[in-house]
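Accompanying notes for the structure given below.
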There are 2 protein chains.
Amino acid sequence: MKPKKNVVDRVAQICSALRRAIIERALSPGDKLPEDQLGLSFGVSRTIARQALGQLAAEGLVNLRRNRIAVVATPTVEEARDTFEIRIALEAVVANCLALTITPEQIAELRRHIADQGAADPASQSASIRLATDFHVLLAGMTGRPILERYVTEVAYRSGLALSAYGRPHSNDCAIEEHCQIVDALEEGDVAAAAAAMTSHLSAVVDRAMIRPPQRTERDLSAILAPFIAG
Amino acid sequence: MKPKKNVVDRVAQICSALRRAIIERALSPGDKLPEDQLGLSFGVSRTIARQALGQLAAEGLVNLRRNRIAVVATPTVEEARDTFEIRIALEAVVANCLALTITPEQIAELRRHIADQGAADPASQSASIRLATDFHVLLAGMTGRPILERYVTEVAYRSGLALSAYGRPHSNDCAIEEHCQIVDALEEGDVAAAAAAMTSHLSAVVDRAMIRPPQRTERDLSAILAPFIAG
DNA sequence: GATCGCAAAAGTGCATACAATTAGCAGCGC
DNA sequence: GCGCTGCTAATTGTATGCACTTTTGCGATC
């Protein structure tokens, strides 16, 4: 293969890596993200790191203040609730859409995903959080609507960050059970049931969370980031 | 006043200017946006212009392809419909929220805005389109939820771009009438009626549009942009 | 007259350089 | 001990330079 394509934009790569690091709680709200350290970790110049930070700031995952080091955003409680209400509205659209169009192959893929989720090491917070989020992203992707998928994904990541700030340690079991109910409703093509299952699932996630007070420690950024840098 | 603050981030300034230029149809889908020409127009270097383009691309207003000149996005018909469905879902949330919380002062402000809209020169497409969009942004802002406001704004601009590609020349009168109905429902605190008025208004916008085939001409970018550069 | 090839021009992709701002810290007075 | 002051290191904000890619213009060729 030619040395031509830079994979697909290094900015996007860095954004994905940081998003995953945030959603998996390797990075916590308030963690600092200095441009040159980021650049060093990902093997790019500050120019690129800076663009990535700009994107993430637009997505609400990072806070940017002039002449200040970028930090992982710390959503307020109001923002967290707001995010989830928006998420519920958007994912209801997904459920409505999919209940009418979903194929048996897609159902199978979803069940496979849920099985993976069940098989994940329950001790590994990061894996179960990521899989739970991926389930929703997968659903959104199945609608075949790129814009809907984009917004659902964005808001799902933002929710993950909010949970990271306020949620109690993620509990995987209930998520799996509720994800199953959603797939069941989709399989039957029951629009109302699918939307209801989705809504009550997300509401339950909110109810289960919104408890723990935030914590604060200093850590080594490059060590945190190492596993997220694509080979 | 001190010579310190750069207003508030020049990237954001350029983004706003371009968003307005797009929504007012001074820029049409497919129009080229070369970095150095942009930089020249706004008095910044390519670095800054480039960052702005990155943001706008993330918002779906601009298309970016590697080594190619950035262009104003040309939404497909599917994307346009998708955008509007998302918009309807989000603005229904706005309507629900406001029907319960809106104050008499806010009602007055909305009626004032609608009056301005009625007073706008009907020949001026750009003014009436901008005012119509601003009405929705204003509503979203009144919820006091910054995240909801952000998504509604983004999707409203995207809708505007879609209409620019496919809509027939914007008709102001019906919009004003429908905006009035929304405010009426909000004033009565009737949640269901407000959401219904909002939904049917947006559906009507879609129905009225989605007709005209896109056109294509070459124009002078810096002349187009001149009125959008903040003093 | 149309087509192909190729070199110049235009444009992007990225790193680096430098100015400006902030953060950290030592020293000082109280 | 505590807070203020000024210095230095760290970090961001922006422009510029260079390599590379795409587009364009133009002449040769058929």
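The sequence lines fix the lettering, A, B, ..., with proteins before strands; numbering per chain opens at 1.
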Whole-Å distance, B:L38 CG to C:dA10 P, equals 18 Å
Nucleotide D:dT16, atom C1' - distance to CZ of B:R50 in whole Å | 14 Å
Donor-acceptor under 3.5 Å (A:D31 side chain, A:L27 main chain) = no
Which residues satisfy the salt bridge (Lys or Arg N to Asp or Glu O under 4.0 Å) test with A:R158, sequence neighbours excluded?
-> none
Any chance you could measure B:T83, atom OG1, to B:L163, atom CG, to the nearest 0.5 Å?
-> 10.0 Å
Residues at least two apart in sequence or cross-chain that pass salt bridge (Lys or Arg N to Asp or Glu O under 4.0 Å) with A:R46, listed by chain then number, are A:E35
OP1 or OP2 of C:dA15 under 4.0 Å from side-chain N/O of A:R10 | yes
Pairing of A:E79 and B:R145 as salt bridge, 4.0 angstrom limit = no
Hey, which sits more toward the 5' end of DNA chain C by its nearest nucleotide, A:I48 or B:P34?
-> B:P34
Taken to the nearest whole Å, CD/B:E35 to C1'/D:dT14 is 15 Å
Residue-phosphate contact under 4.0 Å: B:R66 side-chain N/O, C:dC14 OP1/OP2 = yes
In chain order, what residues pass the side chain to side chain contact (heavy atoms under 4.5 Å, CB included) check against B:L138, with sequence neighbours excluded?
-> B:E109, B:L110, B:H113, B:M142
Between A:E149 (side chain) and A:V137 (backbone), is there a donor-acceptor pair under 3.5 Å?
-> no
Under-3.5 Å N/O pairs linking protein and nucleotides 23-25 of chain D:
from, atom 1, to, atom 2, distance (Å)
D:dT23, OP1, B:R68, NE, 2.9

Starting from P on C:dG13, measure out to CD on B:Q51 and report it in whole angstrom.
-> 14 Å
CZ of A:F42 versus P of C:dA15: gap in Å, rounded?
-> 14 Å
Listed partners of A:T76 passing side chain to side chain donor-acceptor pair (under 3.5 Å), at least two apart | A:E78
Would you confirm whether A:Y157, through its side chain, and A:I22, through its main-chain N or O, come within 3.5 Å as a donor-acceptor pair?
-> no
Polar pairs (N or O, both sides) under 3.5 Å between protein and nucleotides 16-20 of chain C?
from, atom 1, to, atom 2, distance (Å)
C:dT16, O4, A:T47, OG1, 3.1

